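Okay, structure first, notes after.
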There are 2 protein chains.
Amino acid sequence: MTYAPDADSGSDSAPDADPGAGQQEAAPQWLAEDQRTVWLGLVRLLATLPAALDAQLGRDAGLTFFEYSVMAFLSERPEVTLRMSELARLTNASQSRLSNVVKRLEQRGLVRRVPCPDDGRSTLAVLTEEGLRTVVEVAPRHVRTVRHLVVDALTPEQLAEMGAAHESILRRLDPGARTDPRRLDRPGT
Amino acid sequence: MTYAPDADSGSDSAPDADPGAGQQEAAPQWLAEDQRTVWLGLVRLLATLPAALDAQLGRDAGLTFFEYSVMAFLSERPEVTLRMSELARLTNASQSRLSNVVKRLEQRGLVRRVPCPDDGRSTLAVLTEEGLRTVVEVAPRHVRTVRHLVVDALTPEQLAEMGAAHESILRRLDPGARTDPRRLDRPGT
DNA sequence: CCAATTTACTTGACGCTTGAAGTGAATGGG
DNA sequence: CCCATTCACTTCAAGCGTCAAGTAAATTGG
């Protein structure tokens, strides 16, 4: 990924818009060898882990990880109900994507949509009985997969460190976002 | 994601295929609160970071991160050339995906395909002059983005820890894979 | 109380990825 | 030498996600 100098033509003399002139250590143009290694590892993880989650859930329940996430978040609510917009936020999805996915889940009888009584613009997604059964059935295996691939692969300290690191990155990605779902239980209404 | 007990109907009595009976600490069915938090952070990262990389490269060069990766790996070779299969491995892509993407890059004049002289089955992807110019031009900004979002967001110790953690996870994802691209320069031929 | 704006969601066209064939080229017995 | 198999790659038909509208309800301001 050209995080180190090109092994090719005049590379380190590449012309480019110089960034902020006043950097502390004047961050070098390329990554150091060890930085590059970590970055490529993360990129590999980005490509591999979602595929593994989809594979497990696809095998065991015919669901994608995203579909599972939608149903799982619903299952955690006392009324197995959530507004579409809130659900989109929780699952890191665009409204459009969520709309399409919920439509498909509805066709499969796993979720139902009802107009929100409080706000005519909103739609509530409700987990059906069958949807709940599906989640309850597949969740243990899914959690086992997550344990096996991630949680149990690391020491508790590593896990905590990784969590902190991800927080830092997420703050840079979305400066306004609360990453820790703590006091978002009563979203808007 | 139902990594904690459902807030709903009889959840912890959920019937499911009991896993290996003899676990050390009999890993609980659900995740602990702090484990769940870390996991959800990782999931959010998985959804957010690739989008951010695509956004930056799309704005600056009309490229996806994957397209950039393809060209960047080529640019790092003395002959700006790589076999399709090797390139697919480096970019964590299926052969099909790579084939489609290289076809598009070829139509845009950024990459060229030539039959491999040593093996009639193989195809070599070669970066064109324009392709190399594009990479050289956009790489500094891309690296800056990576620095800003990841490398510089963490202390060197955090970065190293994160690298080690990812290694552990990647080993579980793909037990046969060398994550550290060290002695894979001479792939198979 | 009405017009303009904002909010919540849905739809449709388009592009990309996937997975299942399909094409040649190279190998490896028999 | 030849047939079967494997390998490297490409293609095609689905399916999914995204972006740009579009609809309808709520809010805001005059």
Side-chain angles (χ1 to χ4, degrees), chain A residues 46-59 62-70 81-108 111-126 187-189, chain B residues 46-59 62-70 81-108 111-126 187-189:
Chain A
L46 257 28
T48 310
L49 185 53
L53 297 172
D54 282 340
Q56 180 262 315
L57 285 165
R59 251 187 288 106
L63 294 171
T64 64
F65 176 67
F66 181 69
E67 289 167 338
Y68 172 79
S69 296
V70 166
T81 297
L82 235 22
R83 293 191 180 197
M84 291 292 284
S85 45
E86 172 72 354
L87 196 47
R89 215 175 44 67
L90 289 169
T91 55
N92 314 303
S94 66
Q95 282 203 139
S96 175
R97 181 183 186 186
L98 182 67
S99 184
N100 288 134
V101 168
V102 168
K103 190 204 298 178
R104 290 192 288 267
L105 290 176
E106 190 168 35
Q107 286 161 357
R108 293 167 64 176
V111 166
R112 220 177 26 212
R113 270 186 293 191
V114 305
C116 178
D118 302 350
D119 186 336
R121 297 167 297 181
S122 289
T123 304
L124 302 178
V126 187
T189 285
Chain B
L46 257 29
T48 309
L49 185 52
L53 298 172
D54 282 339
Q56 180 262 314
L57 285 165
R59 250 188 290 104
L63 293 173
T64 64
F65 176 66
F66 181 69
E67 289 167 340
Y68 172 80
S69 297
V70 166
T81 297
L82 234 22
R83 292 190 180 200
M84 292 292 284
S85 45
E86 173 72 354
L87 195 47
R89 216 173 46 66
L90 289 169
T91 55
N92 313 302
S94 66
Q95 282 203 140
S96 177
R97 182 183 188 188
L98 182 67
S99 183
N100 285 316
V101 169
V102 167
K103 191 205 297 178
R104 273 174 248 140
L105 290 176
E106 189 167 35
Q107 286 161 358
R108 293 167 64 178
V111 167
R112 220 177 27 215
R113 272 186 292 193
V114 306
C116 178
D118 302 349
D119 185 337
R121 297 168 297 180
S122 290
T123 304
L124 302 179
V126 186
T189 285

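A, B, ... follow the sequence lines: proteins, then strands. Residue 1 opens every chain. These numbers come from a predicted model, not from an experiment.
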Whole-Å gap separating [atom2] ([N]) and [atom1] ([X]):
X: A:Glu67; N: D:dC16; atom1: CD; atom2: C1'; result: 10 Å
X: B:Phe65; N: C:dC16; atom1: CZ; atom2: P; result: 17 Å
X: B:Leu82; N: D:dA8; atom1: CG; atom2: C1'; result: 14 Å
X: A:Arg121; N: D:dA25; atom1: CZ; atom2: P; result: 11 Å
X: A:Leu63; N: D:dG15; atom1: CG; atom2: C1'; result: 16 Å
X: B:Asp118; N: D:dC7; atom1: CG; atom2: C1'; result: 15 Å

Separation between CG of B:Leu105 and CZ of B:Arg108, rounded to the nearest 0.5 Å: 6.0 Å
Does [X] make a side-chain donor-acceptor contact with the base of [N], cut-off 3.5 Å?
X: B:Ser94; N: C:dT17; result: no
X: B:Ser96; N: D:dT11; result: yes
X: B:Ser85; N: D:dC7; result: no

Nearest non-hydrogen partners of A:Gly62 and A:Glu67, listed with the distance: O-OE1, 4.1 Å
Closest heavy-atom pair and its distance - A:Phe66, A:Asp54: N-OD1, 4.5 Å
Would you indicate which nucleotide in [options] comes nearest to any side-chain atom of [X]?
X: B:Met84; options: D:dT11, C:dC9, D:dC9; result: D:dC9
X: B:Asn100; options: C:dA8, D:dT11, D:dT10; result: D:dT11
X: A:Asp119; options: D:dA26, D:dA8, D:dG17; result: D:dA26
X: A:Lys103; options: D:dT11, D:dC9, C:dT11; result: C:dT11
X: A:Arg97; options: D:dT10, D:dC9, D:dG17; result: D:dG17

Would you say [N] has OP1 or OP2 under 4.0 Å from some side-chain N or O of [X]?
X: B:Gln95; N: D:dA8; value: no
X: A:Arg113; N: C:dT10; value: yes
X: A:Arg104; N: D:dG17; value: yes

